[in-house]
Amino acid sequence: MFSFLLRKAGYWFAKRQQSPQQSEPEEQHEGIPQAIKDVVETIKQSTAESKDIVVREFYIDGDVDVDAAAVYVDGLVDTDIINDDIIKPLLYKVRHDAIPKKKDGILEYLQKCLLSVDEIKLVDSLYDAIDGMLMGDTALFIGGTGKAFVINTKGWQNRSISEPSSESVIRGPRESFVENMRFNTAMIRRKIKNPALTFEQMVIGRRTRTPISIVYIDGLAKKELLDEVKKRLKAIRTDSILESGYIEQYIEDAPGSIFATVGFTEKPDVAAAKILEGRVAIVVDGTPFVLTVPYLFVEGFQSAEDYYFRPFYTTLIRIIRVIGFSITVLAPAFYVSVTTFHQELIPTSLLITMARSREGVPFPAFLESLLMIVVFEIIREAGVRLPRPVGQALSIVGALVIGESAVSAGLIGAPMVIVVAITAISGFLVPTQNNSAVVLRLILLVLSAMFGGFGLTLGLLGALVHLSALESFGYSYLSPTAPFNLNDSKDAMIRAPLWIMLTRPKGMADDQQRKDYMVPPVGSDKNKKEGT
């Protein structure tokens with residue numbers, strides 16, 4: 001019933017977004033005035049005379065019949081490019097006898113003979129000129145032409161490439177995406193040096209005008225997936241897009257689910273690997289996190305360095321992650337269920353020890369567990385938000401002092417401190433699933449407190465049914481487990497050797513083959529016997 005209401009609400013909002021009231025404003029088609037004076041006045045009115053808008057009017061080669069104006073946003077441009085490659089050539093390097101008499105000829109002459117900038121675009125809409133200017137370009141208006149050059153002069157300050165903060169690795173590349181979209185697309189291009197790698201750019205956000213780039217490999221990514229991604233992105237009608245999380249919430253399949261159906265990564269090698277599987281990446285300007293779709297549940301238990309280590313160790317680590325996720329979700333609920341409803345399942349000696357440690361505790365097991373979980377989340381959130389040195393000290397000292405003081409004061413029992421500590425540590429094994437684990441842990445805890453083991457089982461079955469019903473851009477969320485696919489299971493909970501993984505995930509790409517045939521490692525015994 002809840003899912004039905006969500007779908008109906010989504011349909012209603014989609015209809016409102018597609019209504020004529022949301023159409024593009026007429027100003028986008030406004031032409032450029034012929035006179036430079038009118039151009040400058042119009043731009044000042046459009047930008048509310050903002051003080052960071054710089055207007056430089058001049059005559060080309062001192063000829064009063066050929067006037068021009070360069071308009072740009074201070075702080076977004078490289079002024080050396082403007083001075084040396086735009087204004088100076090137009091002022092001093094024009095051959096007066098070579099200037100064409102016709103205005104259209106002037107534009108061609110300036111573009112091909114004088115302006116020494118790599119990227120120049122000719123526009124006839126004032127909206128396009130202002131839009132380019134607000135993105136760091138310089139708009140060059142030539143009087144009497146009704147057109148303008150949008151010249152690439154971007155030069156704002158950028159954060160240097162550093163190690164990823166959310167996806168640390170022991171082995172592998174240590175570079176992360178930054179807030180500049182073009183830097184990010186270049187890092188993906190460095191990983192995939194293939195002419196079929198395609199970048200399609202869009203602008204989303206009526207006021208922020210945020211550029212985004214859709215990244216895929218032409219001939220590898222399925223056309224149906226690309227069409228669906230573009231359809232959902234074009235359906236977004238909002239004032240602002242400030243981070244990729246905005247895009248994620250607009251295009252995800254199940255907004256009412258606690259599980260994410262859109263992936264994100266901070267590492268270029270992870271994004272490149274997913275693109276090579278036939279997935280689509282979405283790069284958003286202003287954030288170091290790149291979205292990838294479709295996203296499967298099993299990806300939360302995988303790490304970039306899984307493919308850089310030997311498969312035996314990687315398989316063991318993945319199994320440990322699954323165990324850790326199970327513990328962080330089930331441990332408090334299982335403890336409450338056993339101590340409240342099913343004491344006969346506890347060995348007698350252990351039951352006596354637990355009863356002795358809880359003697360004098362004024363709260364029931366459920367309230368005790370809930371209190372400790374809330375305190376832990378408070379400490380964890382405080383440690384994340386505070387400056388790193390202070391946050392780490394607060395997390396450690398706070399956990400030790402509060403836990404020891406609570407046990408000494410008789411507010412909670414020692415077994416509960418152990419359960420919450422194991423729950424917290426296990427949650428760090430799968431950071432990408434931490435948000436869903438916290439919510440699911442609380443749901444199972446409430447059900448266990450109400451119905452014991454039956455409630456815990458009911459909650460797990462409900463979570464399994466919900467996961468089975470989820471999809472991510474048309475792909476089953478539990479794939480390759482449900483529906484089961486033996487070939488794709490080579491890179492699920494286990495990680496087979498790279499030379500055995502011959503195909504891409506089923507249905508994910510048009511070209512399923514990674515290799516035409518299985519090639520054993522060069523140093524293998526088989527190759528040595530064959531003399532290869």
Side-chain angles (χ1 to χ4, degrees), residues 6-7 9-19 21-25 76 131 134-136 156 158-159 164-167 176-185 188 199-216 225-268 270-271 274-275 279-295 299-300 381 384-385 431-436 439 470-473:
L6 280 176
R7 286 197 299 270
Y11 175 74
W12 181 71
F13 280 118
K15 287 193 66 176
R16 289 198 61 186
Q17 289 173 349
Q18 296 172 0
S19 63
Q21 296 178 357
Q22 296 290 341
S23 58
E24 298 293 337
L76 297 183
D131 189 50
L134 295 176
M135 291 187 180
W156 56 75
N158 295 292
R159 180 173 63 91
S165 58
S166 60
E167 298 177 73
S176 67
F177 289 119
V178 294
E179 286 73 16
N180 187 301
M181 186 184 73
R182 278 293 159 234
F183 282 12
N184 295 340
T185 56
I188 296 176
F199 298 90
E200 292 189 22
Q201 187 162 329
M202 298 174 60
V203 176
I204 301 180
R206 188 166 62 92
R207 297 191 184 278
T208 59
R209 304 291 299 164
T210 305
I212 72 167
S213 186
I214 305 172
V215 190
Y216 62 93
L225 174 60
L226 286 173
D227 292 343
E228 183 64 23
V229 171
K230 294 175 185 178
K231 175 185 174 182
R232 296 189 189 187
L233 290 174
K234 290 178 180 178
I236 298 175
R237 296 289 187 272
T238 183
D239 274 359
S240 61
I241 297 292
L242 301 177
E243 212 272 339
S244 59
Y246 284 53
I247 300 289
E248 177 183 352
Q249 295 176 59
Y250 277 112
I251 67 174
E252 62 184 348
D253 287 75
S257 174
I258 63 174
F259 298 97
T261 55
V262 177
F264 64 90
T265 181
E266 201 179 0
K267 289 174 60 60
V270 174
K274 294 188 177 183
I275 292 171
R279 290 180 169 88
V280 176
I282 303 172
V283 185
V284 183
D285 189 42
T287 174
F289 292 95
V290 171
L291 304 179
T292 57
V293 293
Y295 179 75
E299 294 180 54
E381 189 69 14
V384 170
R385 303 304 170 192
T432 55
Q433 294 288 352
N434 186 65
N435 294 343
S436 59
V439 180
L470 284 180
E471 287 188 349
S472 178
F473 286 79

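Reckoned from all heavy atoms, side chains included, excluding hydrogens, waters and symmetry mates. Keep in mind that what you see is a predicted model, and the values were worked out from it rather than measured.
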Atom pair CD (Glu248) and OG1 (Thr292), whose distance is rounded to the nearest 0.5 Å: 9.5 Å

Are side-chain heavy atoms of Ile214 and Lys230 found at a separation under 4.5 Å? yes

Where the side chain of Glu167 meets the backbone of Glu266, is there a donor-acceptor pair that is under 3.5 Å apart? yes

With heavy-atom distances below 4.5 Å as the criterion, would you say the side chains of Tyr246 and Thr238 are in contact? no

Within the structure provided, determine whether Ile188 and Phe177 are in side-chain contact (heavy-atom separation under 4.5 Å). yes

Who pairs with Asn434 by side chain to side chain contact (heavy atoms under 4.5 Å, CB included), at least two apart in sequence or on another chain? Arg380, Val438

With Ala254 via side chain to side chain contact (heavy atoms under 4.5 Å, CB included) - residues at least two apart: Ser257, Leu470

Under 4.5 Å between any side-chain heavy atoms of Glu252 and Ser472, yes or no? no

Applying ring pair (Phe, Tyr, Trp, His ring centres under 6.0 Å), name anything that partners Phe264, two or more places apart in sequence or on another chain. Phe289

Quick one: CD1 on Ile241 to CZ on Arg207, what's the gap to the nearest 0.5 Å? 14.0 Å

Partners of Thr261 by side chain to side chain donor-acceptor pair (under 3.5 Å), sequence neighbours excluded? none

Tell me the closest heavy-atom pair linking Arg209 and Val203, and the distance in Å. CZ-CG1, 3.5 Å

Just jot down the side chain to side chain contact (heavy atoms under 4.5 Å, CB included) partners of Ser213, sequence neighbours excluded, or say none. Met181, Thr185, Phe199, Val215, Val283

Can you check whether Gly300's main-chain N or O pairs, donor with acceptor, with Thr432's side chain at less than 3.5 Å? yes

Mind listing the closest non-hydrogen atom pair of Ile275 and Ala281 along with its distance? CD1-CB, 3.8 Å

So, the side chain of Thr265 versus the backbone of Lys267: is there a donor-acceptor pair under 3.5 Å, distance only? yes

Please list all pairs passing the salt bridge (Lys or Arg N to Asp or Glu O under 4.0 Å) test where one or both residues lie in residues 279-290, with sequence neighbours left out. Glu277-Arg279, Arg279-Glu299

So, using side chain to side chain donor-acceptor pair (under 3.5 Å) as the criterion, who are the partners of Thr208 when residues are at least two apart? Thr210

Pairs flagged by salt bridge (Lys or Arg N to Asp or Glu O under 4.0 Å) wherever residues 256-265 is involved - sequence neighbours left out: none

State, yes or no, whether a side-chain contact exists between Pro211 and Gln201 at a heavy-atom distance under 4.5 Å. yes

Non-neighbouring partners of Ile251 that pass side chain to side chain contact (heavy atoms under 4.5 Å, CB included), sequence neighbours left out: Arg232, Leu233, Ile236, Ile247, Val262, Ile282, Phe473

Flag the pair Ser244 / Leu291 as yes when at least one side-chain heavy-atom distance between them is below 4.5 Å, and no otherwise. yes

Identify, with sequence neighbours excluded, every residue that meets side chain to side chain donor-acceptor pair (under 3.5 Å) alongside Ser176. none

Can you sort out the partners of Glu471 under salt bridge (charged side-chain N to carboxylate O under 4.0 Å, His left out), two or more places apart, ordered by chain and number? none

According to side chain to side chain donor-acceptor pair (under 3.5 Å), who are the partners of Tyr295, at least two apart in sequence or on a separate chain? none

Any non-hydrogen side-chain atom of Lys234 less than 4.5 Å from a side-chain atom of Met202? yes

